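Some notes on the structure that comes next.
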Amino acid sequence: MKGKKLVNNPFQVGYSPRIDSEVTRLKDVRTKRVFESATLLEGSETMINGLIEMAELLSVCVISGDEAKMERCAQLARSIHTEQKTLTDYLVASGMSGTMMKGVLRVPYRLDRVGDMLEDILQYCRIKASEEVPFSPQAQDELSRLFTRLVEILTGLRCGLETPEGDLLSEVIADVDLLMARVDAFRDAHWERLEAGICTAAASSMYRKILDAVKWAAEYARKVCQSIQETTAAH
């Protein structure tokens with residue numbers, strides 16, 4: 001059954017001279033940090049690994065402004081962009097059928113857009129640290145919970161990419177809906193704090209921008225799930 005899943009997965013397409021047996025090294029991919037891949041599946045998983053690490057680091061950076069962690073985020077963002085270009089260049093030159101290429105091509109592109117949203121948050125973290133903008137304990141707790149949920153979504157997406165014919169991707173989409181509802185609830189609670197004078201205008205503006213970026217990151221993760229589902233169904 002495991003072999004059948006690999007064969008039926010349209011993302012299990014090699015584009016490297018490395019031997020075919022390496023396409024089964026999915027467990028190793030989960031922990032690798034070098035952006036060097038042998039298949040579309042491995043390349044996409046590598047991008048997701050970078051996104052997961054970014055989200056985990058940003059959960060800390062948005063509170064502490066840790067310079068080393070922010071620099072690590074910047075490195076990961078650059079690597080994710082590079083991986084996306086590598087996958088896209090391969091697909092454009094692959095001669096893959098138009099319908100199939102359209103679906104597969106959207107996956108690295110939309111993963112890269114998740115990276116863009118996290119990169120925006122990184123810039124807000126840097127501004128927050130340099131200008132010493134304070135967040136209330138409530139805002140800090142809310143952001144921590146959102147980043148935890150986003151990491152869970154990206155982790156589920158990685159698993160769903162390996163077995164796209166199952167229910168995992170639908171579960172991830174449902175988790176995105178929950179995150180969206182939570183963002184809206186946190187936004188409402190924030191306005192109440194602002195009206196009560198608990199947070200400053202500068203903190204309010206930055207907090208809302210981070211909420212928007214998290215929401216868009218989750219929305220692009222949803223779109224990745226939908227692209228995988230559509231492509232797998234067509235395959």
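In this text, all values refer to a predicted model and were calculated from it rather than measured experimentally.
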Ignoring hydrogens and angles, state whether a donor on the side chain of Glu83 or Ser44 is under 3.5 Å from an acceptor on the partner side chain.
-> no
Begin from the C-alpha positions of Asp116 and Arg110 and carry the test salt bridge (charged side-chain N to carboxylate O under 4.0 Å, His left out) through to its verdict.
-> CA-CA 10 Å; Asp116 288 340; Arg110 286 171 169 170; over 6 Å; no
Inspect the contact between Glu142 and Arg182 and indicate whether a charged nitrogen and a carboxylate oxygen are less than 4.0 angstrom apart.
-> no
Atom NZ of Lys128: over 12 foreign heavy atoms under 6.0 Å | yes
Any luck finding a side-chain donor-acceptor pair between Gln75 and Ser79 under 3.5 Å?
-> no
Asp188 atom CG: more than 12 heavy-atom contacts under 6.0 Å = yes
Of all the heavy-atom pairs spanning Lys215 and Leu179, show the shortest one and how long it is.
-> CA-CD2, 4.5 Å
Under 3.5 Å, is there a donor-acceptor pair between the His81 and Glu119 side chains?
-> yes
To the nearest 0.5 Å, how far apart are OG1 in Thr148 and CD1 in Ile153?
-> 11.0 Å
Look at Arg222 together with Asp177 and state whether they make a salt bridge at an N to O cut-off of under 4.0 Å.
-> yes
Do we get Arg193 above Tyr207's six-membered ring, with its NZ or CZ under 6.0 Å from the centre and within 45° of the axis?
-> yes
Can Glu152 and Arg145 be counted as an ion pair, charged N to O under 4.0 angstrom?
-> no
State, yes or no, whether a side-chain contact exists between Tyr90 and Leu40 at a heavy-atom distance under 4.5 Å.
-> yes
Taking the side chain as C-beta and beyond, is there a heavy-atom pair between Phe147 and Ile121 under 4.5 Å?
-> yes
